[in-house]
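Read the numbers this way: they start at 1 and go in the same order the structure lists the ligands and their atoms. Residues: numbered from 1 along the sequence shown. Fair warning: this is a prediction, and the values are worked out from it, not measured in the lab.
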Amino acid sequence: MAAASSWYFMVTPTKPSLSWKLSFLSPLTTVNVTRRQNRTAKRFVVFATVFLDPKPTVLVAEKLGEAGLELLKTFANVDCSYNLDHEELCTKISLCDALIVRSGTKVTREVFERSGGRLKVVGRAGVGIDNVDLSAATEHGCLVVNAPTANTIAAAEHGIALLTAMARNIAQADASIKSGKWQRSKYVGVSLVGKTLAVMGFGKVGSEVARRAKGLGMHVIAHDPYAPADRARAIGVDLVSFEEAISTADFISLHMPLTPATSKMFNDESFSQMKKGVRIVNVARGGVIDEEALVRALDSGTVAQAALDVFTEEPPSKDSKLVLHENVTVTPHLGASTTEAQEGVAIEVAEAVVGALKGQLAATAVNAPMLPAEILSELAPFVTLSEKLGRLAVQLVAGGRGVQSVKVTYASARGPDDLDTRLLRAMITKGLIEPISSVFINLVNADFSAKQRGLRITEERILLDGSPENPLEFIQVQIANVESKFSIAMSDSGEIKVEGRVKDGKPHLTKVGSFGVDVSMEGSLILCRQVDQPGMVGSVGSILGEENVNVSFMSVGRIAPRKQAVMTIGVDEEPSKEALRRIREIPAAEEIVFLKL
Ligand SMILES: NC(=O)C1=CN([C@@H]2O[C@H](COP(=O)(O)OP(=O)(O)OC[C@H]3O[C@@H](n4cnc5c(N)ncnc54)[C@H](O)[C@@H]3O)[C@@H](O)[C@H]2O)C=CC1
Ligand SMILES: O=C(O)C(=O)COP(=O)(O)O
């Protein structure tokens, strides 16, 4: 049920247009507008009852399986707009919280820019994310998730289908017979049994292709610089170098992603190293092959045949020499197109997108560190502590600028392998940057934003003795080469230093500079350096009371009676400048600072 709220707009001095673009609303938002004129004030007062739909909006830009759509609809408004051109996509995107695509939509930097910050997640209903500008997504704090497992078998089966169809000229023979011919001698094929197949890219699809090819009696080798040798050994495949793979294979099947490193890795030079008469299958990405070089290799007979599901440009041009080549078999990017795979990827991507919109971290995120759910829940209070420590530390910097070097220390009884600090570092970064900029920081763009601002965050661990039951004992944030507006916050070695712990599941500030304190990090804080003397707590309390600022706690830490002390006051509301001035004027108060947590 949509929530209704009445808003009004005043427009001065003449006739207002009623056709405003309320771009912050979802397309399903209803706006009822009435207009009254206040003649004396020469103003139009427009009353608008806006039925705000609290559901997020998901734009599904390419055909998605029904089960995935149903799942999305339980949580979001789903706008299925297939066949949008780029401009239409850019126009719609500012009204969408999530976008789901397959390989046919280019999610460019412009899409992220024109989303105006609303787009929170891009879901790729499939594996390859080469059509999504990942850097732009990351810079805009937009999570990208894919569906990495549900179409593996479909792609592997398609690879095998192309391999066998190519070897026996199925497509060409089919076309010939349908054109009224009966050419038995023209379409004599080659056998697969005993031949060497080189699987290039031994990941999910590649290893399934290898397994199936072994079942066909082929000798299978593979090249993949990152694949574990034991996984290959387990299915009887030898991992070999690129050169050995391409120079010894009778058949080559491509299964690596398209990246700057793999772009056009099959080119004139690599074709020249292949066995004459080699046959090539590509169900990975067109861009891994230099297509003009492949045409040359086909023409010269170096490559006897090619079977291609993917192309540098999709669809390829109608007069593409490669597609029209008589020794080439083609399919229009059908690798993932089985009923089963499409239902699978639709559910896989819909779950990831809904999870991301709910603020959960998706296990299939492509541009953010992923942590298992149980680790996340254990780290949750430390995540809050991290952000608050970052937020507090940066507000102690005089001028709030020039923060470049931050050291974070984690004290824990857990070894590095049992304590993943990426999330904590991201939240400290969020705390450090957000108070001094207009940038929104999340797990996705934290490292990027820090780098862009020239903020160097180094991490150090103190390995404590004792039981590693708690993930962390304390976290310390130090900012070097800055001055502080609260001199006590400077450590003996000249950095701003704050330290905190989690107590009873809540973040606590336990050290400011070298001064021990113990305050719950809720609401906001006033820190006051003072000469320890009777009546101070009462004086500050009554000023805040007069200003109607609710005090949640007060604590005083001191070096020795009647010497220097730090009073920490937790407040629910922001005190006025006047209240802070009055506190500052209390004779014993030497320095005061207000910090928003
Ligand atoms: N035609 C279609 O409809 C489909 C195409 N694909 C494409 O297939 C490819 C593989 O997909 P998956 O197996 O699911 O991915 P994956 O990530 O499981 O496997 C890719 C493998 O390529 C390896 N690799 C990376 N750089 C390499 C290099 N320079 N040389 C050799 N190997 C390299 C990686 O180490 C990894 O093991 C992707 O490009 C994907 O987009 C996937 C599904 C359907
Ligand atoms: O999953 C992949 O990488 C694919 O290439 C499948 O692409 P599609 O979703 O069929 O456009």
Side-chain angles (χ1 to χ4, degrees), residues 60-65 68 82-83 100-107 122-132 134 144-163 198-212 221-229 231-232 237 239-246 249 252-267 270 281-289 307-312 314-315 330-346 348-349 364 366:
V60 180
E62 288 181 74
K63 186 144 178 44
L64 191 71
Y82 307 147
N83 305 319
I100 295 184
V101 297
R102 287 176 59 185
S103 62
T105 306
K106 294 219 173 338
V107 190
V122 172
R124 163 46 169 131
V127 184
I129 30 84
D130 44 288
N131 52 324
V132 180
L134 276 189
V144 179
V145 292
N146 70 349
T149 60
N151 68 19
T152 301
I153 299 300
E157 287 178 349
H158 198 67
I160 295 292
L162 285 177
L163 179 78
V199 171
M200 310 299 285
F202 196 71
K204 294 183 291 297
V205 179
S207 53
E208 290 301 332
V209 164
R211 206 190 297 276
R212 281 158 179 75
I221 56 175
H223 168 70
D224 187 327
Y226 316 107
R231 206 179 67 210
V237 170
L239 281 178
V240 299
S241 68
F242 181 76
E243 287 71 23
E244 185 178 344
I246 61 168
I252 298 176
S253 193
L254 311 185
H255 302 288
M256 68 278 286
L258 175 61
T259 64
T262 62
S263 173
K264 294 193 179 175
M265 68 189 289
F266 297 92
N267 48 33
S270 38
V281 175
N282 187 7
V283 283
R285 282 295 178 268
V288 302
I289 295 181
L308 311 170
D309 183 45
V310 284
F311 306 89
T312 304
E314 294 186 359
V330 286
T331 49
H333 202 147
L334 291 181
S337 294
T338 62
T339 313
E340 296 84 351
Q342 282 312 307
E343 282 305 298
V345 291
E348 200 176 6
V349 81
T364 56
V366 177

Practice prompt. Would you mind checking which non-hydrogen protein atom is closest to atom 4 (C) of ligand 2, with the distance to 0.1 Å?
Written response: Arg124 NH2, 3.2 Å
Worksheet item: Side chain, backbone, both or neither: which part of Arg285 has a heavy atom under 4.0 Å from ligand 1?
Response: side chain
Do any side-chain atoms of residues 146-157 form donor-acceptor pairs under 3.5 angstrom with protein atoms, and if so which ones, sequence neighbours left out?
from, atom 1, to, atom 2, distance (Å)
Asn146, ND2, Val127, O, 3.1
Thr149, OG1, Glu348, OE1, 3.4
Thr149, OG1, Glu348, OE2, 2.7
Thr152, OG1, Thr149, O, 3.1

Worksheet item: Is the closest heavy-atom distance from Ala227 to ligand 1 below 4.0 Å?
Response: no
Item to complete: Check each of Glu62, Arg102, His158 against atom 10 (O) of ligand 2 and report the one with the nearest heavy atom.
Response: Arg102
Discussion item. Which of the numbered atoms in ligand 2 are under 4.0 angstrom from any heavy atom belonging to Arg285?
Written reply: 2 (C), 3 (O), 4 (C), 5 (O)
Worksheet item: Roughly how far, to the nearest 0.5 Å, is OG1 of Thr262 from CD1 of Ile289?
Response: 11.0 Å
Worksheet item: Hey, which of Leu308, Val283, Leu334 is the one that makes side-chain contact (heavy atoms from CB on, under 4.5 Å) with Leu162?
Response: Val283
Worksheet item: Identify the closest protein heavy atom to atom 15 (O) of ligand 1: which residue and atom is it, and at what distance?
Response: Lys204 NZ, 3.9 Å
Worksheet item: With a cut-off of 4.0 Å, which atoms of ligand 2 are near a heavy atom of Ala336?
Response: 6 (C), 10 (O)
Worksheet item: Nearest protein heavy atom to atom 1 (O) of ligand 2, by residue and atom, and its distance?
Response: Val127 N, 2.6 Å
Worksheet entry | Element-labelled atoms of ligand 2 that are located less than 4.0 Å from some non-hydrogen atom of Asn151 | 1 (O), 2 (C)
Worksheet item: How many angstroms lie between atom CD of Glu62 and atom CG of Asn83, to the nearest 0.5 angstrom?
Response: 8.5 Å
Item to complete: Compute the minimum heavy-atom distance from Thr262 to ligand 1 and say whether it is under 4.0 Å.
Response: yes
Discussion item. Looking only at the side chains, is there a donor atom on one of Thr331 and Asp309 sitting less than 3.5 Å from an acceptor on the other?
Written reply: yes
Fill in: Contact with ligand 1 for Ala261, non-hydrogen, under 4.0 angstrom
no
Item to complete: Answer side chain, backbone, both or neither: which part of Phe242 comes under 4.0 Å from ligand 1, heavy atoms only.
Response: neither
Worksheet entry | Side chain, backbone, both or neither: Leu334 near ligand 2, heavy atoms under 4.0 Å | neither
Discussion item. If we set the cut-off at 4.0 Å for heavy atoms, which region of Val205 has an atom near ligand 1: side chain, backbone, both, or neither?
Written reply: both
